[in-house]
Amino acid sequence: MRFALSTLRRLRLAASAMALTGAVALVGCPSVNVRPPLDTTTSELAQTGKARGLPLRDPLELDDTLRQAVVEQVGLYGPPDERAGRLLHWIKDQQPEELVYAAGESYTAKEAFARRRGDCFSFTNLFVALARTIGVDAQFVYVREVGRYQSRDGSFVVSSHVAAKYGSGARPELVDFERSADSRMLYAYQELSDRDAAALFNNNLAVHHMLRGRVHLAEQMLRYLVSRAP
């Protein structure tokens, strides 16, 4: 499916359930605080995992060149809402090609920008990392489709989704990179701490290893992630 940011919906996140769709292969629904603190444990989780020989990644990974580009071309001026809006247009307008939505391809922020493709986690990583670079307090949001399951090769799969939010108060802005709203479905929303978002992102990477036959490595990764972000 081709993805264009012109179809992106910036929806209001209310305290009650809202209609929003989307799915990625995330396993499990974490228990998180209603208002998780801003932290930097995405890189810490990856570093401690690598020290154990596990190929964990930092979902918010960026390089200095990309940071400098977004500061210079998007700018640090104006209210956070305006900066976030300029950032979304800037991401869309980068060349040489449009962003391509690719289900099951989970990339770090740096990789998503370079490849111009990925799943909802990839583009959410990209937005959150770049938004924070220009001083916008962007956070991860976990979206669960209530009662929706899939059958695959004799197993049941629970499908869930990740988006981003920014802004303060009772009605922050929700930025979703996949499907449009569908009032026929019921969705549950939870804010994610950086630690839990990093754990879910690396959970996806572990699933990719498992599907490629590296079951022992996937099990090691999942056991470590559960121990760090139960």
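These numbers come from the heavy atoms of this one structure, side chains and all, not from hydrogens, waters or symmetry mates. Throughout, residue positions are numbered sequentially from 1 according to the sequence presented.
Note that CG of L130 is 5.0 Å distant from CG of L66, once rounded to the nearest 0.5 Å. A distance of 8.5 Å separates OG1 in T65 from NZ in K110, rounded to the nearest 0.5 Å. Atom-to-atom distance recorded for L174:CG and Q139:CD is 12.5 Å, nearest 0.5 angstrom. Taking OH of Y101 as the start and SG of C120 as the end, the distance is 5.0 Å to the nearest 0.5 Å. How far CD of Q220 is from CG of L56: 11.0 Å, rounded to the nearest 0.5 Å. Distance check, rounded to the nearest 0.5 Å: CZ of F121 to CG of N202 gives 8.5 Å.
Here D58 pairs with T42 under the side-chain hydrogen bond (donor to acceptor under 3.5 Å, both in side chains) rule; sequence neighbours left out. Shown here are the salt bridge (charged side-chain N to carboxylate O under 4.0 Å, His left out) partners of R223, two or more places apart in sequence or in another chain: E219. Residues passing the salt bridge (charged side-chain N to carboxylate O under 4.0 Å, His left out) test with R214: none are found, sequence neighbours excluded. Take A129 and apply the side chain to side chain contact (heavy atoms under 4.5 Å, CB included) test, not counting sequence neighbours, and it matches L60, L62, A109. Residues forming a side chain to side chain contact (heavy atoms under 4.5 Å, CB included) with A69 (at least two apart in sequence, or on another chain): Q73, W90. With sequence neighbours excluded, the residues forming a salt bridge (charged side-chain N to carboxylate O under 4.0 Å, His left out) with R228 are E44, listed by chain and number.
Using modelled atom types, one finds no donor on one side chain facing an acceptor on the other under 3.5 Å when comparing T108 with N125.
R115 places no side-chain N or O within donor-acceptor distance of the main-chain N or O of L99, the cut-off being under 3.5 Å. Between the side chain of R83 and the main chain of I134, a donor-acceptor pair closer than 3.5 Å is present. Put simply, the side chain of S227 gets close to the backbone of Y224: a donor and an acceptor are under 3.5 Å apart. Looking only at distances, a side-chain donor or acceptor of H208 sits under 3.5 Å from a matching main-chain atom of G104.
The shortest side-chain heavy-atom distance between N204 and D119 falls under the 4.5 Å cut-off. The side-chain heavy atoms of Y166 and P80, taken from C-beta on, include no pair separated by under 4.5 Å. In this structure, the side chains of V162 and V141 stay at 4.5 Å or more apart for every pair of heavy atoms. Counting heavy atoms from C-beta on, the side chains of E72 and R67 never come closer than 4.5 Å. Annotation: side chain of L126 is in contact with side chain of I91 (closest heavy-atom distance under 4.5 Å).
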M210 vs L217, side chain to side chain contact (heavy atoms under 4.5 Å, CB included): CA-CA, chis, key distance, verdict: CA-CA 8 Å; M210 181 169 59; L217 175 61; over 6 Å; no

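Using a cutoff of 4.0 Å between basic side-chain nitrogens and carboxylate oxygens, E191 and K165 are scored as salt-bridged. Ion pairing between R57 and E111 holds under the 4.0 Å rule for side-chain N and carboxylate O.
The two residues R117 and A102 have their closest heavy-atom pair at NH2-CB, 3.3 Å. The minimum heavy-atom distance between M221 and H209, with the atom names listed, is SD-CD2, 3.6 Å. In terms of heavy atoms, S122 sits closest to Y107 at OG-N, 2.7 Å. In this structure, N203 and L225 approach most closely via the heavy-atom pair N-CD1, 3.6 Å. Scanning all heavy atoms of the two residues, the minimum distance from R86 to G75 falls at NH2-O, 3.6 Å. Between A84 and V136, the closest heavy-atom pair is N-CG2, 4.2 Å.
In the hydrophobic cluster analysis, where Ile, Leu, Val, Met, Phe, Trp and Tyr join through side-chain heavy atoms closer than 4.5 angstrom, F113 is grouped together with V71. No single ILVMFWY cluster, assembled from side-chain heavy atoms under 4.5 Å apart, contains both L222 and L192. V226 and Y142 end up in different hydrophobic clusters when Ile, Leu, Val, Met, Phe, Trp and Tyr side chains are linked at under 4.5 Å.
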